[in-house]
Each structure stands twice: as structure tokens, then as C-alpha cells.
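Numbering of ligands and ligand atoms starts at 1, following listing order.
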Amino acid sequence: MITKESEKKFKAGFVAVLGRPNTGKSTLMNALVGEKVSIISPIPQTTRHQIRGILNLEGAQIVFVDTPGMHSFKDHLAEHLNVISKRSIEGSDIIVYVVDVSRRIGKEESRLMDIISTQNIPVIMVLNKIDLKSVYLNSYIEAWQKKADEKVGKKPSAQFIPVSAKTGKNIDELRAALLENLPQSGPFYDTDTLTDFPIQFRIADIVREKLFLALDRELPHSVAVEVSAIKDRKKVVHIEVTIYVQRNSQKKIVIGKQGRGLKAIGTLARSEIEKIYDKKVYLEIWVKVLSDWQHRPRILKELGYWWV
Ligand SMILES: Nc1nc2c(ncn2[C@@H]2O[C@H](COP(=O)(O)OP(=O)(O)OP(=O)(O)O)[C@@H](O)[C@H]2O)c(=O)[nH]1
Ligand SMILES: [Mg+2]
């Protein structure tokens, strides 16, 4: 039982995980939480929601907020991704700013640093992917310091922690640094909660991840997934899923020859969803053409892209 004394010492807070697309934000959050909450793929703009992953420790609760990678506007979906990323800063106690040290620092990074360095909360710059050639590691640190030097008045400070979200290197050190910066507070969620991401969106995302992994580089951005029904019965969960594409030709690609593509996606998704429910899952997947869905705010809303 929690005594009054230990309640007083309890630490809890929100950590916004921000960065450009594909830097490894979702991989990092999953590694920190120790479970797969967010989907991951080698294609930029995988994450389309604000997804909270909750790490419950003795005496502390860290609520991570994974966000879509921030980038230049292209369409309504891209704009939405930026909005929800920025919004996740509000109410956060710490920013984890993820950069990819194997990739050259680009123009967009400077804009992102402008946003992050003007928030009055602790920033931890996570220099991710050190298992690859870390040729650009110093250029990220130098760019941040240059930004800090340009500021008049209080300099934005940051801690720099090199990690590999993929291999787990320095993840314990990062967790310790986060705990140090966490304010004293009671927990925000029940201490056995892993995520508050609604199950229908979590399932839709799992299907989308399998699509991303199966499809050509360009196609994934034309795909959206909707879970229209979940019937959780005694021994089996029956789930109805619709995959939306923009053109008929894309529908053919998703379905594949004699339905083989769709079958493979379904098999992979099903085994992952079964782990969540711990029972048998039956997936019924439809593929429909819904032209230009990315530019139609009403449809985006229906697909859950305004869920934050
Ligand atoms: N080698 C290596 N690859 C990594 C590491 N972390 C992530 N990746 C890979 O980088 C790619 C992108 O990872 P994600 O976690 O989806 O990146 P993200 O920042 O969430 O991407 P968006 O949601 O699109 O913004 C995937 O192929 C990951 O396997 C790492 O530490 N090392
Ligand atoms: Mg992501």
C-alpha cells in the first residue's frame, strides 16, 4: 500500500518526444516503455497520431507522448501532423528531442530547434542511431549551441545523450536522466496502464505498419486504415478493417496476385493483435478506393486523425 510519505515523494510527468520524420522517435518510446505501443517503419511519416506510452516504475510514472515527425507542409494530413506535434509540447514537463546522427543536419532541423529552444522546460537531445556511423553527431550539438548563443537573456540548456533505440544502448542512462528531471506529482494514470491510445486506432495502426513494410516507398502515404467493428467474444475477437487507397491501381497492389498481398498483411497483423487480446483474432479486411482522402478534412476526422 502507498503511504502518505511515499505519495509525497512520487514523481510523475509528461515527456514530449519530438523530432524530424524517421529519426526513431517511436522506436525510442517503445524502448523506454519496454513494450510496443507505437508502430515503426523505415518510411518517414509513419506516426500519424499523438500516442502516449506509460512507464510505471516504483515511485514514478513517466508518460511519453510520441508524435508525428515534424516537416514542411504538403497537404492537410501533413499540416495536421505538425499541429499535433506542436500541441504535445503544451503540458509537457520535459522534451526529448530525437535526432538521427547518421543523417546530415537539414534546413528543417533549424526551424525545429527554434521551436524547441523557446520552451521553458528541460530539453534532452537524444542523439539516436549511434549503432550506425555517427558522423554527424557533433554537428547537431554544435547547431544547438549556436542557437543557444544567439539567444538574448536566458540561454536554453540541453543535455545530450547518445543512444541506440534499436540496440538499447544508453536507454537506461536516458531513463535515469528523465527521472531526475521529473517533477514531484501523483500518477496521472492507473499504475498498470500501458497506453490510453484507443484500441480501434491501435489496431488500425498495426495493420498500417504491415502495409508500410509490404509496400513500395511511395504508396504508404496513400493508405489509411479504419477499424469499423470489434466484437470481443468469449474465445475469439472478430475485427472488421477497411484499408483506403486513392486509386484503383493501388487497390490492386495492396490486394496482390490472387489476394496474396492482403493475406500476408492480415497474417502479420493478426498475430500481433492476438498478443494484445491474448486470444484468437479473426480479421476481416476490405480494400476501398477513396480518392484524395488526405486533402479532405472531414474524412481525415472520420479516420481518427483529429484524435489527440
Ligand atoms: N540503426 C538504427 N535504426 C534505428 C534506430 N532507431 C530507429 N531506427 C530505424 O529508423 C526507422 C524509423 O524509425 P521510427 O521509430 O519509425 O521513426 P520515427 O521518428 O517514429 O518516424 P515517424 O513516425 O515517421 O516520424 C526504422 O526503420 C527504425 O528501425 C537506431 O537506434 N538505430
Ligand atoms: Mg513514429
Side-chain angles (χ1 to χ4, degrees), residues 15-53 64-75 77-88 95-106 108-109 111-112 115-116 124-137 140 160-175 195 197 201-202 204-206 208-215 217-225 272 294 305 308:
V15 176
V17 183
L18 298 168
R20 288 175 59 205
N22 216 41
T23 51
K25 298 175 294 300
S26 301
T27 311
L28 181 74
M29 182 176 85
N30 291 346
L32 286 161
V33 172
E35 297 246 9
K36 183 169 170 187
V37 181
S38 263
I39 60 162
I40 292 164
S41 95
I43 297 161
Q45 295 179 51
T46 300
T47 305
R48 291 181 184 169
H49 298 276
Q50 194 182 88
I51 299 174
R52 284 178 277 272
F64 293 99
V65 187
D66 185 17
T67 62
M70 288 160 110
H71 57 95
S72 335
F73 292 172
K74 261 187 244 139
D75 50 38
L77 181 64
E79 191 182 330
H80 164 71
L81 302 185
N82 278 310
V83 168
I84 58 174
S85 296
K86 280 192 195 141
R87 201 181 285 170
S88 73
I95 291 175
V96 160
Y97 170 29
V98 186
V99 300
D100 175 350
V101 297
S102 71
R103 236 172 51 194
R104 195 185 290 277
I105 189 162
E108 287 186 342
E109 204 74 56
R111 283 183 40 219
L112 192 49
I115 297 170
I116 293 175
I124 298 180
M125 185 193 270
V126 170
L127 301 138
N128 191 30
K129 307 199 187 181
I130 53 164
D131 56 297
L132 302 174
K133 279 190 185 144
S134 315
V135 269
Y136 300 109
L137 191 142
Y140 285 96
F160 305 100
I161 305 185
V163 311
S164 169
K166 199 171 190 171
T167 67
K169 183 133 174 98
N170 283 352
I171 293 298
D172 287 345
E173 285 76 357
L174 174 57
R175 246 189 241 116
T195 182
F197 193 36
F201 296 149
R202 203 168 161 203
D205 256 10
I206 291 170
R208 198 162 53 82
E209 181 190 70
K210 306 312 170 202
L211 276 161
F212 268 50
L213 298 176
L215 299 174
R217 249 190 126 67
E218 286 311 309
L219 199 52
H221 299 301
S222 310
V223 167
V225 179
E272 210 166 303
Q294 287 164 314
Y305 291 131
V308 282

Report task. Write out the residue and atom name of the closest protein heavy atom to atom 29 (O) of ligand 1, then the distance separating them to 0.1 Å. Result -> Ile40 CG2, 4.0 Å
**Report entry** Considering all heavy atoms, the nearest Asp66-Ser38 contact
**Finding:** OD2-OG, 2.7 Å
**Report entry** Under 4.0 Å to a heavy atom of Gly69 - the qualifying atoms of ligand 1, by number
**Finding:** 25 (O)
Query raised in the report: Do Ser26 and Thr47 have side-chain N/O donor and acceptor atoms under 3.5 Å apart?
Result: yes
Query raised in the report: What atoms of ligand 1 come within less than 4.0 Å of a heavy atom belonging to Ser41?
Result: 11 (C), 12 (C), 13 (O), 16 (O), 26 (C), 27 (O)
Requested in this report: Decide yes or no for Asn30 and Val37: does some side-chain heavy atom of the first lie under 4.5 Å from some side-chain heavy atom of the second?
Outcome: yes
Report summary line: Counting from 1 in the order shown, the ligand 1 atoms closer than 4.0 Å to a non-hydrogen atom of Pro44 are 24 (O)
Requested in this report: Can you sort out which atoms of ligand 1 are near Thr23, meaning under 4.0 Å from one of its heavy atoms?
Outcome: 19 (O)
Query - Nearest-0.5 Å distance, OG of residue Ser164 to CD1 of residue Ile171 - result: 7.5 Å
Query - Minimum heavy-atom distance between Tyr136 and Tyr140, given as atom pair plus value - result: O-CD1, 3.2 Å
Query raised in the report: Going by the atom numbers of ligand 1, which of them fall below 4.0 Å from some non-hydrogen atom of Leu132?
Result: 1 (N)
Query raised in the report: Should Thr67 be counted as touching ligand 1, given the test is an N or O pair under 3.5 Å?
Result: no
Query - Contacting atoms of ligand 1, where contact means under 4.0 angstrom from a heavy atom of Thr46 - result: 22 (P), 23 (O), 24 (O)
Query raised in the report: Do Leu137 and Pro162 have side chains that get closer than 4.5 Å, going by heavy atoms?
Result: yes
Report summary line: Closest to atom 17 (O) of ligand 1 among protein heavy atoms sits Gly24 N, 3.1 Å
Query raised in the report: Looking only at protein heavy atoms, which one is nearest to atom 25 (O) of ligand 1, and how far off is it?
Result: Lys25 NZ, 2.8 Å
**Report entry** Per-atom contacts of ligand 1 with Thr27, taking only distances under 4.0 Å to non-hydrogen atoms
**Finding:** 6 (N), 7 (C), 13 (O), 14 (P), 15 (O), 28 (C)
Requested in this report: Report yes if some heavy atom in the side chain of Leu28 is under 4.5 Å from a heavy atom in the side chain of Phe64; otherwise report no.
Outcome: no
Query raised in the report: Looking only at protein heavy atoms, which one is nearest to atom 3 (N) of ligand 1, and how far off is it?
Result: Lys166 CD, 3.6 Å
Query raised in the report: What is the minimum heavy-atom distance between Met70 and Ser85, and which atoms define it?
Result: CG-CB, 3.5 Å
Report task. Identify which of Val17, Asn22, Leu127, Thr47 has a heavy atom lying nearest to atom 12 (C) of ligand 1. Result -> Asn22
Report summary line: Taken by chain and residue number, the protein N/O/S atoms under 2.8 Å from the Mg ion (ligand 2) read Ser26 OG, Thr47 OG1
Report summary line: For atom 6 (N) of ligand 1, the closest protein heavy atom turns out to be Asn128 ND2, 3.3 Å
Query raised in the report: Is any side-chain heavy atom of Gln294 closer than 4.5 Å to a side-chain heavy atom of His221?
Result: yes
Requested in this report: Could you say whether the N/O atoms of Asp66 and ligand 1 ever approach to under 3.5 Å?
Outcome: no
Query raised in the report: If you measure from CD1 on Ile161 to CZ on Arg175, what distance do you get to the nearest 0.5 Å?
Result: 12.0 Å
**Report entry** Verdict with reasoning, Thr167 to Asp131, per side chain to side chain donor-acceptor pair (under 3.5 Å)
**Finding:** CA-CA 8 Å; Thr167 67; Asp131 56 297; 5.3 Å; no
Report summary line: Residue, atom and distance of the protein heavy atom nearest atom 10 (O) of ligand 1 read Lys129 NZ, 3.0 Å
Query raised in the report: Are Arg202 and Asp205 close enough for a salt bridge, meaning some N to O gap below 4.0 Å?
Result: no
Query raised in the report: Which is it for Glu109 and Tyr97 under the side-chain contact (heavy atoms from CB on, under 4.5 Å) test, yes or no, and what are the steps along the way?
Result: CA-CA 11 Å; Glu109 204 74 56; Tyr97 170 29; 2.4 Å; yes
**Report entry** Closest non-hydrogen atom pair, Leu18 against Ile95
**Finding:** CD1-CG2, 3.9 Å
**Report entry** Candidate with minimal heavy-atom separation from atom 27 (O) of ligand 1, of Pro21, Ala31, Pro42
**Finding:** Pro42
Query raised in the report: Charged N to carboxylate O below 4.0 Å: is that the case for Lys36 and Glu209?
Result: yes
Query raised in the report: Do any N/O atoms on Ile39 end up under 3.5 angstrom from N/O atoms on ligand 1?
Result: no
Query raised in the report: So which protein heavy atom does atom 32 (N) of ligand 1 come closest to, and at what separation?
Result: Asp131 OD1, 2.7 Å
